[in-house]
Enquirer: 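Pasting in a structure now, in structure tokens, and then I'll have a few things to ask.
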Amino acid sequence: NHFEAHIISLKCSQTATTIHSNTMISSNTKSMLTGMLDLIEDQDWNRLEYIVKSEPKTFQFLSKSISNCNELNGMTFLHACVRFDPPVKVLERMIQLYPQALS
């Protein structure tokens, strides 16, 4: 639900989560994470697929950022999507770009 997406965003923002470059997750990154989670929750698969396809590096960065958020216990964008029954082509593209989400 919408509340859950915002809780996820808050948990990431409240922790001192670092990514491989040892930099804090910026407010811009948190905003993008929230936007992606909102698209998932709204089941706006066309828009999500467009973003994933047109901005693969951004998607990979965001995927890594959310995966590294200790407060989420290993949850990934893939986990969030599966809860809302997305089209297989969206999942395939996400897996192709960030296969670590399967582990």
Enquirer: Taking all heavy atoms of Ala80 and all of Ile40, pick out the closest pair and write down the distance.
Expert: O-CG2, 3.5 Å

Enquirer: Taking ILVMFWY side chains as joined if any heavy atoms are under 4.5 angstrom apart, and letting links pass through other members, which residues group with Leu102?
Expert: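 Cluster partners of Leu102: Leu78, Val82, Leu91, Ile95.
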
Enquirer: With a 4.5 Å heavy-atom cut-off, do Leu48 and Cys81 have their side chains touching?
Expert: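 Answer yes - side chains close enough.
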
Enquirer: What pairs of donor and acceptor atoms, side-chain ones from residues 53-61 against any protein atom, are under 3.5 angstrom apart with sequence neighbours left out?
Expert:
| residue | atom | partner | partner atom | Å |
| --- | --- | --- | --- | --- |
| Lys53 | NZ | Glu49 | OE2 | 3.1 |
| Ser54 | OG | Tyr50 | O | 2.7 |
| Gln60 | NE2 | Leu97 | O | 2.9 |

Enquirer: Restricting to side-chain hydrogen bond (donor to acceptor under 3.5 Å, both in side chains), what partner residues turn up for Glu92, sequence neighbours left out?
Expert: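 For Glu92 there are no side-chain hydrogen bond (donor to acceptor under 3.5 Å, both in side chains) partners, ignoring immediate neighbours.
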
Enquirer: Take Leu39 and Trp45 through the test side chain to side chain contact (heavy atoms under 4.5 Å, CB included) and record every step on the way to the result.
Expert: CA-CA 7 Å; Leu39 290 176; Trp45 307 123; over 6 Å; no

Enquirer: Go through the structure and list residues passing side-chain hydrogen bond (donor to acceptor under 3.5 Å, both in side chains) with Thr76, not counting sequence neighbours.
Expert: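 Listed in chain order: His79.
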
Enquirer: At what distance, to the nearest 0.5 angstrom, does CD of Gln100 lie from OG of Ser67?
Expert: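 Taking CD in Gln100 and OG in Ser67, the distance rounds to 8.0 Å.
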
Enquirer: Rounded to the nearest 0.5 Å, how far apart are CZ of Arg83 and CD of Gln43?
Expert: 11.5 Å

Enquirer: How long is the straight-line distance from NZ of Lys89 back to CZ of Arg93, given to the nearest 0.5 Å?
Expert: 12.5 Å

Enquirer: When you compare the side chain of Leu33 with that of Phe77, does any pair of heavy atoms fall below 4.5 Å?
Expert: yes

